[in-house]
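Scroll down for the structure; my scribbles are underneath it.
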Amino acid sequence: MINDIDQIIKEMQDFASDRSEEFKLKFLSKKGKIQELFDEFRNVRPEEKKELGQRLNALKNMAQARFAELQAKEQQFFTASKIEDMTRDVATDSIGSIHPLTLVRREICDIFSRIGFTVAEGPEIEDDWHLFSALNFPPEHPARDMQDTFFVEKDVALRTHTSSVQIRCLEKESVPVRKIFPGRVFRNEAISARAHCMFHQVEGLYVDKNVSFKDLKQVLLYFAEEMFGPDTKIRLRPSYFPFTEPSAEMDVTCSICGGKGCNICKNSGWVEILGCGMVDPNVLKNCNIDPSIYSGYAFGMGIERISMLKYNTNDIRLYFDNDVRFLSQFKNA
Ligand code: PHE
């Protein structure tokens with residue numbers, strides 16, 4: 001029995017866990033090692049009882065002291081880490097909010113789906129054909145230059161616009177098509193309050209028989225009124241894109257000053273929000289669609305630009321910093 005006592009003392013010294021409950025279970029509980037010895041004590045010869053009894057009691061005191069020590073340590077840990085009440089409810093106001101770009105993307109998709117557009121997506125890494133050649137870009141166009149575009153390897157780049165999804169869609173689907181393509185795009189730009197090396201666009205494409213510029217204008221007016229309010233006006237200015245002819249850029253009346261003039265619209269009362277035009281016949285031909293039978297329109301808008309106007313934010317970098325002080329402002333948006 002003396003050997004057993006020494007053995008338990010050694011085990012208590014070597015006990016590796018910091019958890020007081022584990023210690024108690026092993027040594028001090030009703031089925032623990034010390035109780036086992038007390039049970040055996042009943043069978044000990046009377047002349048040995050005195051010495052063994054003293055030793056056993058000393059062992060028990062030692063175990064209890066160690067147990068108290070472990071408990072005190074645990075208590076200290078909980079106080080130090082301020083976990084005062086582990087049964088306390090989880091704070092309910094710490095759930096996140098939806099990113100403003102997601103909010104605006106969803107709203108754009110909703111507006112267009114109400115008039116028959118469906119949503120599709122394409123890859124962010126594109127080949128030269130879908131990004132430039134099929135879209136009627138001439139070989140020497142500056143967008144093909146490393147200065148403007150991030151190339152992954154020769155003839156493969158991070159897409160610079162979502163117009164590449166127009167080609168993917170026309171190649172695989174039969175006309176008529178009426179779709180929008182939201183997605184992320186990349187340009188080799190210096191980062192500033194107004195420009196970033198990545199941003200988001202929503203592309204629109206409608207190809208059918210007898211599609212005219214008038215249809216395009218009507219759909220864009222509907223979009224502007226839904227997005228910025230019923231008093232919003234639009235204005236189309238002639239422009240140029242290799243893949244549309246004729247091409248235009250669209251301005252809306254500044255939703256921040258209501259068209260009166262402020263620093264967002266540079267006192268003009270108008271803000272540009274998208275590029276658009278009639279799909280160039282060469283683009284249709286590149287996708288094996290006969291331009292003498294079909295025509296179409298396309299448009300592309302920046303989600304950040306629209307979000308900045310809608311929520312009156314003045315720095316595009318805020319959209320990528322993931323600062324909760326910015327993001328949490330969109331909780332109830
Ligand atoms: N892809 C053009 C851009 O990124 C926008 C655009 C889309 C223009 C479709 C015309 C038609 O600026």
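These values consider heavy atoms only, across backbone and side chains, with no hydrogens, waters or symmetry-generated copies. Just so you know, residue 1 is the first one in the sequence shown, and it goes up from there. These figures come from a predicted structure and were not determined experimentally. In listed order, ligands and their atoms are each counted from 1.
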**Q.** Those protein residues which place at least one heavy atom below 4.0 Å from ligand 1
**A.** His161, Ser163, Gln166, Arg187, Gln201, Glu203, Phe241, Phe243, Thr244, Gly275, Cys276, Ala298, Phe299, Gly300

Q) Does His161 have its ring centroid less than 6.0 Å away from the ring centroid of Phe243? A) yes

Show me the side-chain donor-acceptor pairs of residues 215-225 shorter than 3.5 Å, one per line, residues at least two apart or across chains.
residue: Asp215; atom: OD2; partner: Ser212; partner atom: N; Å: 2.8
residue: Asp215; atom: OD2; partner: Ser212; partner atom: OG; Å: 3.4
residue: Tyr222; atom: OH; partner: Ile111; partner atom: O; Å: 2.8

Q: May I ask you to decide whether Asp127 forms a salt bridge with Arg168, counting only side-chain N to carboxylate O separations under 4.0 Å?
A: yes

Q. Do any pairs count as a side-chain hydrogen bond (donor to acceptor under 3.5 Å, both in side chains) and have a residue in residues 46-61, sequence neighbours left out, and if so which ones?
A. Arg45-Glu47, Arg45-Glu48, Glu51-Arg55

Q) Without hydrogens or angle criteria, can the side chains of His196 and Glu189 be said to hold a donor-acceptor pair below 3.5 Å? A) no

Q.
Taking side-chain hydrogen bond (donor to acceptor under 3.5 Å, both in side chains) as the cut-off, I'd like each qualifying pair that reaches into residues 4-14, sequence neighbours left out, listed once.
A. Gln7-Glu11, Lys10-Asp14, Glu11-Lys33

